[in-house]
Amino acid sequence: MLAAAIAAEVAGTTAMKYSEGFTRLWPSLVTVVGYVLAFALLAQTLKTLSIGTAYAIWAGAGTAAVAAIGILWMGESANLVKLAGIALVIAGVVVLNLGGSH
């Protein structure tokens, strides 16, 4: 369920880029539906996972995925600093999860 929440958030954020400031109907609708679905699925996930763990995975994975989409398909630059930042986001999620849910 958390993976689906991440996918919905990534889809919504990607569509937002194409909405041109919410002036294009279909990308704007995909953005809204993506975020509503993402939060609904995240809320369901919180029934079984701790909020720190679930949110860290959701936000970190979404951030890394959107950054990768920007680099791979939207022509954004990929330099060492940006790639290191993505790696640090992923490392941060891993470290938070290693801390457990005490």
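For this chain, numbers begin at 1 and follow the sequence in order.
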[Y] reachable from [X] in the ILVMFWY side-chain graph, under 4.5 Å edges:
X	Y	answer
I69	Y18	yes
M74	L72	yes
V66	V32	no
V94	L49	no

Residue pair T13 / Y35, side-chain donor-acceptor N/O under 3.5 Å: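 Looking only at side-chain atoms, Y35 and T13 do form a donor-acceptor pair, the distance falling under 3.5 Å.
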
Which heavy-atom pair separates [X] from [Y] by the least distance, and what is that distance?
X	Y	answer
G62	V10	CA-CG2, 3.9 Å
G60	V93	CA-CG2, 3.7 Å
A38	A8	N-CB, 3.7 Å
S28	F22	OG-CA, 3.2 Å
T45	A54	CG2-CB, 4.2 Å

State whether the number of non-hydrogen atoms from other residues, nucleotides or ligands found under 6.0 Å of [X] atom [atom1] is greater than 12.
X	atom1	value
I51	CD1	no
K82	NZ	yes
L25	CG	yes

Separation of I71 CD1 from N79 CG (nearest 0.5 Å):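 Nearest 0.5 Å value for the CG-CD1 distance: 8.0 Å.
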
CE on M1 to NZ on K47, rounded to 0.5 Å: 8.0 Å

Passing candidate, side-chain contact (heavy atoms from CB on, under 4.5 Å) with L42, options L37, L2, I57: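 Between L42 and the candidates, side-chain contact (heavy atoms from CB on, under 4.5 Å) is satisfied uniquely by L2.
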
Full working for side-chain contact (heavy atoms from CB on, under 4.5 Å) between F39 and E9: CA-CA 8 Å; F39 282 111; E9 188 268 333; over 6 Å; no

Working for side-chain contact (heavy atoms from CB on, under 4.5 Å), residues T14 and V30: CA-CA 9 Å; T14 302; V30 171; over 6 Å; no

Side-chain donor/acceptor of T31 to backbone N/O of G12, under 3.5 Å: yes

Side-chain (T53) to main-chain (S50) donor-acceptor, under 3.5 angstrom: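 Not at all, since once roles are kept as given, no pair shorter than 3.5 Å links the two residues.
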
